[in-house]
Peer 1: 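Below is one structure. I have some questions about it.
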Amino acid sequence: MGSKGWFADPKGYIWVKAPDHPNAKKNGYVQEHVKVMSEVLGRPLRSGETVHHKNLIRGDNRPENLELWTSHQPKGARVQDMVEWCRWFLAKYGKAFPE
């Protein structure tokens, strides 16, 4: 691990030392893009949320290059269930990303 307080893993992700961050691993490091997105949102990432790099460059952690993604969407659901899920999703996330 870096004595600089950060390191790049073999996949190109930057990890920063932030032992008090809610999304930090047991070793006290958190992926920089997760830290940046949590600062943008004003909260830690929740279960099922991930951060996508728009330009696919894993070390480019500028806020404008990051998107919040979720994997909560149901798979193989009936249309009625999907509509119910969309209402839940919009109630949970709609205010965070106004049009």
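Along the sequence shown, residues are numbered consecutively beginning with 1.
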Peer 1: Mind checking the CD-CZ spacing from Glu32 to Arg62? Nearest 0.5 Å is all I need.
Peer 2: 12.0 Å
Peer 1: When rounded to the nearest 0.5 angstrom, what distance separates CE in Met37 from CD in Gln31?
Peer 2: 13.0 Å
Peer 1: Check the pair Lys35, Val16 against side chain to side chain contact (heavy atoms under 4.5 Å, CB included), reporting the backbone distance first and the verdict last.
Peer 2: CA-CA 9 Å; Lys35 186 175 184 292; Val16 294; 3.7 Å; yes
Peer 1: Under the criterion side chain to side chain contact (heavy atoms under 4.5 Å, CB included), which of Arg43, His21, Glu49 is the partner of Ser38?
Peer 2: His21
Peer 1: Test side chain to side chain contact (heavy atoms under 4.5 Å, CB included) on Arg87 and Lys92 and set out the steps.
Peer 2: CA-CA 9 Å; Arg87 288 184 179 130; Lys92 188 169 186 173; over 6 Å; no
Peer 1: Heavy-atom count around Glu84 CD within 6.0 Å, excluding the residue itself: above 12?
Peer 2: no
Peer 1: Treating Ile, Leu, Val, Met, Phe, Trp and Tyr as nodes and any side-chain heavy-atom pair under 4.5 angstrom as an edge, say whether Val36 and Trp6 lie in one connected cluster.
Peer 2: yes
Peer 1: Compare every heavy atom of Val51 with every heavy atom of Val34, then report the nearest pair and how far apart it is.
Peer 2: CA-CG2, 4.2 Å
Peer 1: Can you check side chain to side chain contact (heavy atoms under 4.5 Å, CB included) on Val40 and Glu64, steps first, answer last?
Peer 2: CA-CA 10 Å; Val40 168; Glu64 59 270 19; over 6 Å; no
Peer 1: State which residues pass side-chain contact (heavy atoms from CB on, under 4.5 Å) with Pro19; sequence neighbours excluded, sorted by chain then number.
Peer 2: Lys17
Peer 1: With distance as the sole test, does Asn65 use its side chain to make a donor-acceptor pair with the main-chain N or O of His53 at under 3.5 Å?
Peer 2: no
Peer 1: Report yes if some heavy atom in the side chain of Asn61 is under 4.5 Å from a heavy atom in the side chain of Leu66; otherwise report no.
Peer 2: yes
Peer 1: Rounded to the nearest 0.5 Å, how far apart are OG1 of Thr50 and CD of Glu67?
Peer 2: 10.0 Å
Peer 1: With a 4.5 Å cut-off on side-chain heavy-atom distances among I, L, V, M, F, W and Y, is there a chain of contacts connecting Val30 to Trp69?
Peer 2: no
Peer 1: Please report, to 0.1 Å, the donor-acceptor pairs under 3.5 Å made by any side chain of residues 7-15, with sequence neighbours excluded.
Peer 2:
| residue | atom | partner | partner atom | Å |
| --- | --- | --- | --- | --- |
| Asp9 | OD1 | Lys11 | N | 2.9 |
| Asp9 | OD1 | Gly12 | N | 3.0 |
| Asp9 | OD1 | Tyr13 | N | 3.0 |
| Asp9 | OD2 | Trp15 | NE1 | 2.9 |
| Tyr13 | OH | Arg58 | NE | 3.3 |

Peer 1: Check whether more than 12 heavy atoms from other residues, nucleotides or ligands sit under 6.0 Å from atom NZ of Lys25, and answer yes or no.
Peer 2: no
